[in-house]
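Report on one structure; see the data block that follows.
The chain is numbered in sequence order, starting from 1.
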Amino acid sequence: MGKNKNFKGPQRETNVSTKVNADKMKSKINKGGVFVYTKALSTAELAETLNIPVSDIIKFLFMQGKMITINTILDDELIGTVCLQFGFDFQKKHIVEAENFEEVEINDDPSKLKERPPVVTIMGHVDHGKTTLIDAIRNSNLVAGEVGGISQEIGAYQKEINGKKITFIDTPGHEAFTAMRSRGASVTDIVVLVVAADDGVMPQTIEAIDHAKAAGVPVIVAINKMDKPGADPDRVKTELMSHDIIAEEYGGSNICVEISAKKKNNIEGLLEAIILVSEMQELKANPDRYALGTVLEAKLDKNEGPKATLLVQNGTLKSGDFLVVGTSYGKARRMTNEHNKVLKEATPSTPVVVIGLSEVPEAGDRFMAFSDESEAREIANKRRLIKENKTRNATSAASLDDLFNLAKEGNIQRLNIIVKADSTGSAEAVKASLEKLSTDDIKINVIRATSGAITQSDVLLASASHAIIYGFNVRPDALTRAKAAEEKVEIRLHRIIYALIEEIQAAMKGMLAPTMVEKITGQAEIRKLFKVSKIGTIAGCMVTDGVIKNNSLIRLMREGVVIYEGKLGSLQREKDSVKEVKAGFECGLTIEGYNDEKEGDIIEGYEIVEEK
């Protein structure tokens with residue numbers, strides 16, 4: 001692929017040949033006398049390559065009880081049998097086309113392998129202190145900024161202890177994020193299982209153990225909340241034994257570390273245990289090759305365009321490298337770490353945020369670096385065509401199956417749902433969670449699950465398919481709401497995922513009867529900002545819909561995503577305080593406790609009213 005001008009030091013190796021076409025590669029006997037082939041062969045083709053009379057092969061296989069002709073296609077077993085009989089070693093070579101780089105088997109020269117940091121995933125039941133532990137490790141405060149104390153999207157960061165780095169992947173701890181946790185386990189080397197000492201093993205604890213087992217990775221148990229009066233670590237260890245997690249002191253192989261994330265007790269001991277387990281695994285990678293790895297999270301940034309968090313799993317990713325990420329391509333224009341520090345390169349096990357892609361990839365997509373932009377674009381286009389064909393075929397099959405099932409099920413009800421979320425990972429997780437709610441009487445059918453604001457396109461699809469739109473941490477604008485009212489499409493909005501699930505469960509049981517509901521009063525668009533030292537930020541706005549009322553509850557939205565929720569501090573029109581401002585009029589307003597508004601932001605006013 002040529003030398004990358006951005007890479008200083010040894011030239012990086014290519015991960016996959018993009019020049020070889022499997023169809024053109026013929027079977028042959030190499031210099032070592034080994035017969036090498038790439039696909040199933042006919043008897044005549046095998047005879048020609050081995051320079052053996054075809055009749056001898058037919059006669060030999062006939063004596064083995066196999067009736068064949070010169071045109072019979074021989075499988076791997078028969079080819080091997082013939083080679084051994086006539087004195088040839090044999091090898092089947094698997095040729096991977098460049099667009100299928102996920103299938104590449106990397107066999108690095110052992111002399112080029114260097115130690116890499118372990119990639120650690122922290123898992124555990126909701127409320128067992130997973131996020132507080134992450135907070136303690138990072139020495140930062142995450143919990144206060146999260147709704148319900150639950151991480152809503154995957155993040156990644158590095159921590160150094162005793163001169164060695166550890167890479168942490170944060171997978172949300174709630175059951176709804178099963179799909180995301182499963183993906184997290186697939187790129188991880190070690191799982192830290194957080195179990196509360198006063199609560200013991202719970203459903204999501206067992207789920208996390210299953211994911212770790214499926215990924216074949218070692219589990220370190222962090223017995224948390226040891227500062228609580230009811231802490232009983234021995235009970236936790238005993239309960240874990242029934243799930244094949246056996247503590248070292250009980251004769252097993254799982255290290256159990258007793259900690260208090262809240263008090264920051266024994267965090268060092270946990271980190272040392274991670275380093276110990278990683279040293280036993282002898283984790284290595286070759287930094288002198290083009291990078292490949294996995295997308296942890298991706299979103300569309302208003303100012304910077306498509307932005308993806310990538311975990312480099314092998315090779316070195318350099319600023320300026322050309323990338324194929326899922327079905328998108330681009331150039332790593334800028335790479336930053338979790339502290340927003342610009343990086344020039346990212347070595348194995350390093351998580352980085354990259355901008356410069358052509359479109360937003362999906363969480364879980366694989367990526368690879370290439371030396372040439374046109375090559376990257378061509379491979380991305382091929383991957384897109386392959387994916388579109390698969391989707392098209394899958395959609396057709398599903399539609400036919402649906403018709404058949406509807407006919408077979410008779411009066412069974414079907415609930416169609418469209419999911420819009422603030423990130424691809426969240427959308428995927430919400431979809432997986434909702435589909436698990438299906439019962440014998442009601443089938444949950446998620447017909448679309450994507451990231452971004454709720455749009456009129458979503459409303460039209462919901463109208464055509466008789467679907468409900470569920471927004472997770474996103475909002476529709478005034479025009480979309482008006483379209484939804486016109487089409488009689490129901491839009492339900494949530495910020496905490498288990499509240500969304502509980503609502504659907506209640507509706508399925510016929511118990512949905514809320515007494516207090518939210519009513520949107522109006523929307524205003526920020527046109528200009530004024531900084532006043534004693535007051536803060538005053539937003540000059542145009543009311544675009546309904547009425548904005550003084551002291552109203554509000555939410556601040558940017559590109560359809562909720563940035564802040566709070567209350568209006570003041571509302572003025574032409575220097576006079578007013579009670580309300582109607583659509584079509586300008587006003588100035590402040591938000592209590594918030595000063596980071598931007599031009600173009602939307603302020604939505606609402607009130608909580610009792611439903612009769």
Side-chain angles (χ1 to χ4, degrees), residues 4 6-7 12 15-16 99 101-102 104 106 116-121 151 153-159 165-171 180 182-189 283 285-301 304-371 373 376-377 379-380 383-384 423-426 428 451:
N4 188 304
N6 295 306
F7 192 90
R12 287 180 287 179
N15 297 302
V16 59
E99 60 268 22
F101 56 73
E102 294 96 333
V104 175
I106 297 175
R116 65 172 177 82
V119 180
V120 179
T121 305
S151 302
E153 59 183 63
I154 285 180
Y157 52 93
Q158 287 191 319
K159 178 74 177 180
K165 287 182 179 178
I166 303 172
T167 299
F168 287 93
I169 295 176
D170 167 28
T171 56
M180 294 172 73
S182 178
R183 184 178 63 248
S186 71
V187 296
T188 195
D189 302 307
L283 303 169
N286 177 11
D288 297 331
R289 65 159 59 249
Y290 285 101
L292 71 159
T294 302
V295 178
L296 297 180
E297 189 52 85
K299 63 181 180 180
L300 183 64
D301 187 276
E304 297 177 309
K307 181 183 280 191
T309 304
L310 308 180
L311 176 67
V312 179
Q313 291 173 275
N314 206 346
T316 297
L317 181 62
K318 304 287 288 186
S319 182
D321 275 357
F322 297 104
L323 292 169
V324 175
V325 186
T327 59
S328 66
Y329 73 95
K331 184 178 182 179
R333 284 198 288 113
R334 193 185 74 191
M335 300 193 304
T336 53
N337 64 9
E338 68 271 23
H339 305 297
N340 210 28
K341 180 185 175 184
V342 176
L343 303 179
K344 289 184 178 179
E345 66 175 38
T347 51
S349 298
T350 304
V352 286
V353 177
V354 172
I355 61 169
L357 301 177
S358 59
E359 59 187 50
V360 180
E362 292 183 11
D365 277 348
R366 299 281 290 166
F367 78 85
M368 195 173 104
F370 291 85
S371 61
E373 183 178 12
R377 186 188 295 111
I379 291 169
R383 288 169 66 87
R384 183 180 293 104
S423 69
T424 53
S426 296
E428 169 193 317
S451 63

Of the options Asp189, Thr121, Leu311, Val120, which is the one that meets Thr167 in a side-chain contact (heavy atoms from CB on, under 4.5 Å)? Leu311
Specify the closest pair of heavy atoms between Phe322 and Ala376, including all atoms of both residues, with the distance to one decimal. CB-CB, 4.2 Å
Restricting to non-hydrogen atoms, name the atom on Arg333 and the atom on Glu304 that form the minimum distance, rounded to 0.1 Å. NH2-O, 4.2 Å
Nearest 0.5 Å, what's the [atom1]-[atom2] distance between [X] and [Y]?
| X | Y | atom1 | atom2 | result |
| --- | --- | --- | --- | --- |
| Thr316 | Arg289 | OG1 | CZ | 10.5 Å |
| Phe168 | Thr188 | CZ | OG1 | 9.5 Å |
| Thr327 | Arg384 | OG1 | CZ | 5.0 Å |
| Asp365 | Leu296 | CG | CG | 11.5 Å |
| Glu297 | Thr309 | CD | OG1 | 6.5 Å |
| Thr294 | Leu310 | OG1 | CG | 9.0 Å |

With side-chain contact (heavy atoms from CB on, under 4.5 Å) as the test, would you mind laying out the steps for Arg334 and Val342 before giving the verdict? CA-CA 7 Å; Arg334 193 185 74 191; Val342 176; 4.1 Å; yes
Answer yes or no: does atom NZ of Lys165 have more than 12 heavy-atom neighbours from other residues, nucleotides or ligands under 6.0 Å? no
Would you say Ser451 and Ser426 make side-chain contact, with heavy atoms under 4.5 Å? no
